[in-house]
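Presented below is the structure to which this report refers.
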Amino acid sequence: MNSTAFATAHPNIAFIKYWGNRDQALRIPSNSSLSMNLKELETQTRVSFDSTLKEDHLFLNESLESGTSLERVSILLERIRKMAGIDFFARVESENNFPTGTGIASSASAFAALSCAASSAAGLNLSERELSQLARTGSGSASRSIPGGFVEWQAGEDHGSSFAFSIADPDHWDLVDLIVLVSLEHKETGSSQGHQLAETSPLQKIRVEDANRRLEICRKALLERDFQQFAGIVEQDSTLMHSVMMTSNPPLYYWLPETLAVIRAVRSWRKDGLPVCFTIDAGPNVHVLCPAAEAGKVKGKLGALESVNSILECHPGGPAHLLDPEISGV
Ligand code: DP6
């Protein structure tokens, strides 16, 4: 038997962050989160279940992987094999059109595309909700890369109740994410280890208890396209997460001096009336958000800062979906 499927997914940027799990193995998060898919960035993944293979093989950007990344993929494939009642190993070929491990959540698009392709190759016909639940077990944020546009991940309390859904289509609001790369170095501590440290910070409890309030303000601002409301809550949420990171044991300092230089510049531009704000994931790079109409101006200002290496411009993206396995790509 040889059954192949090919899928694509976008990474996403969280406006209200996921940090910490109630159940590490199933990735049931401590709080609900909210994000936007990033159209210009993409992972394409081809999965073939093949009865002649003796183990799973993973190729990432054409290089054969072993260790943790292969283990994480195999755990997800094992879950799919159980669901489909098959026992063949798989060959997985995955390609990103953006740099991995720099605070752009590559695991989100990777596990979303993998869930889509592998479940289809295994003969399963999963709903969007089931795909989001499945992708979540591979990487929490991947649950948010299954639906399109602006997405909410309801924390839930078990596998069945923890999944993501769209709250608005990509064309609801042309919000731009200017990803400001201040460093291309691979991060020291990945998110998976970071989530396990969250509870060691005395601030995590406070962050989690207040999460629904922030999420509601952010959802309302998004639905009403109210940038001022949106900016304030997005920055507060990101900085709360980084406060937890910096006060964990051991502490996680993702920011570089260049990160803070961009934060300070963005805040001063907003004070001067420009609709712009920032959010930062588990890395030093800064996601600078603004309405599309202002993107040219903001990009020009960012480009003039000494701390800025390069900038990627992303607009709201669609859902993960299957591609024709005959077309080129991976
Ligand atoms: C800081 O989804 O990458 O980007 O579930 O261990 O794969 P795992 O973690 P991951 O964590 C993302 C953390 C974040 C915030 C967010 O995207 O909500």
Side-chain angles (χ1 to χ4, degrees), residues 9-38 41 43 68-69 71-73 75-76 79 96 98 100-115 132-146 150-156 159 162-164 177 179 186-199 201 204 207-208 211 214-215 218 233-246 248 252-255 259 278-287 289 314:
H10 301 293
N12 63 76
I13 179 66
F15 301 144
I16 299 296
K17 308 291 188 188
Y18 149 51
W19 197 247
N21 285 312
R22 282 212 260 166
D23 181 321
Q24 296 289 358
L26 282 176
R27 291 183 160 83
I28 310 294
S30 304
N31 64 279
S32 298
S33 53
L34 201 70
S35 61
M36 174 181 106
N37 286 350
L38 303 174
L41 310 182
T43 300
T68 319
S69 45
E71 272 165 38
R72 277 179 79 171
V73 165
I75 290 172
L76 193 86
R79 187 179 286 278
N96 291 332
F98 57 95
T100 351
T102 52
I104 304 174
S106 57
S107 65
S109 50
F111 280 96
L114 176 67
S115 301
S132 176
Q133 291 160 340
L134 176 65
R136 189 203 71 235
T137 66
S139 172
S141 56
S143 66
R144 297 189 310 241
S145 280
I146 296 287
F150 299 89
V151 174
E152 184 171 329
W153 171 14
Q154 152 186 311
H159 182 65
S162 189
F163 58 88
D177 179 8
I179 309 175
H186 210 281
K187 58 193 176 200
E188 279 170 39
T189 310
S191 307
S192 298
Q193 281 167 278
H195 289 296
Q196 296 182 35
L197 295 177
E199 290 298 328
S201 164
Q204 171 70 350
R207 192 192 75 86
V208 169
R214 297 192 304 278
L215 190 128
C218 188
I233 205 70
V234 166
E235 289 186 357
Q236 185 185 54
D237 188 84
S238 168
T239 306
L240 264 171
M241 178 182 74
H242 282 272
S243 307
V244 168
M245 291 164 161
M246 291 181 206
S248 294
L252 299 172
Y253 286 88
Y254 287 111
W255 294 2
T259 312
F278 71 85
T279 185
I280 302 164
D281 280 345
N285 299 319
V286 187
H287 294 251
L289 308 166
C314 296

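Just so you know, ligand 1 is whichever comes first in the structure, and atom 1 is the first atom listed for that ligand. Numbers here simply count residues along the sequence, with the first being 1.
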> Do side-chain atoms of N37 reach the backbone of A9 as a donor and acceptor pair under 3.5 angstrom?
Replying inline: no
>> Under 4.0 Å from a heavy atom of S139: which atoms of ligand 1 are those, numbered in the order shown and with their elements?
In response: 2 (O), 3 (O), 5 (O), 7 (O), 8 (P), 10 (P)
> Got a sec, which residues hit side-chain contact (heavy atoms from CB on, under 4.5 Å) with E235, two or more places apart in sequence or on another chain?
Replying inline: V266, R267, R270, C277, F278
> Backbone, side chain, both or neither: what part of R72 comes under 4.0 angstrom of ligand 1, heavy atoms only?
Replying inline: side chain
> So, the side chain of T137 versus the backbone of L134: is there a donor-acceptor pair under 3.5 Å, distance only?
Replying inline: yes
>> Taking 4.0 angstrom as the limit and counting only heavy atoms of D281, give me the atoms of ligand 1 inside it, by number and element.
In response: 1 (C), 4 (O), 15 (C)
> With sequence neighbours left out, what residues match H242 under ring pair (Phe, Tyr, Trp, His ring centres under 6.0 Å)?
Replying inline: W255
>> So if I count the atoms of ligand 1 from 1 in the order they appear, which ones are less than 4.0 Å from some heavy atom of S192?
In response: 6 (O), 7 (O), 8 (P)
>> For S141, which part has a heavy atom under 4.0 Å from ligand 1: side chain, backbone, both, or neither?
In response: both
> Would you say K17 and ligand 1 have an N/O pair spaced under 3.5 Å apart?
Replying inline: no
>> Under a 4.0 angstrom heavy-atom cut-off, which atoms of ligand 1 come close to S107?
In response: 3 (O), 7 (O)
> Is there a donor-acceptor pair closer than 3.5 Å between any side-chain N or O of S132 and the backbone N or O of A164?
Replying inline: yes
> Going by atom types alone, do R72 and S192 pair a side-chain donor with an acceptor below 3.5 Å?
Replying inline: yes
> Can you list the ligand 1 atoms lying under 4.0 Å from a non-hydrogen atom of M241?
Replying inline: 1 (C)
> Rounded to the nearest 0.5 Å, how far does OG of S145 lie from CG of L41?
Replying inline: 10.5 Å
> With only distance considered, is R27 within less than 3.5 Å of ligand 1 through an N or O on each side?
Replying inline: yes
>> Any nitrogen or oxygen of A282 lying under 3.5 Å from a nitrogen or oxygen in ligand 1? Just yes or no.
In response: no
>> Please determine whether any non-hydrogen atom of R136 lies less than 4.0 Å from an atom of ligand 1.
In response: no
> Any idea which atoms of ligand 1 are less than 4.0 Å away from a heavy-atom of A14?
Replying inline: 16 (C), 17 (O), 18 (O)
> Where does the angle between the aromatic ring planes of Y18 and H195 fall among parallel (under 30°), tilted (30 to 60°) and perpendicular (over 60°)?
Replying inline: parallel
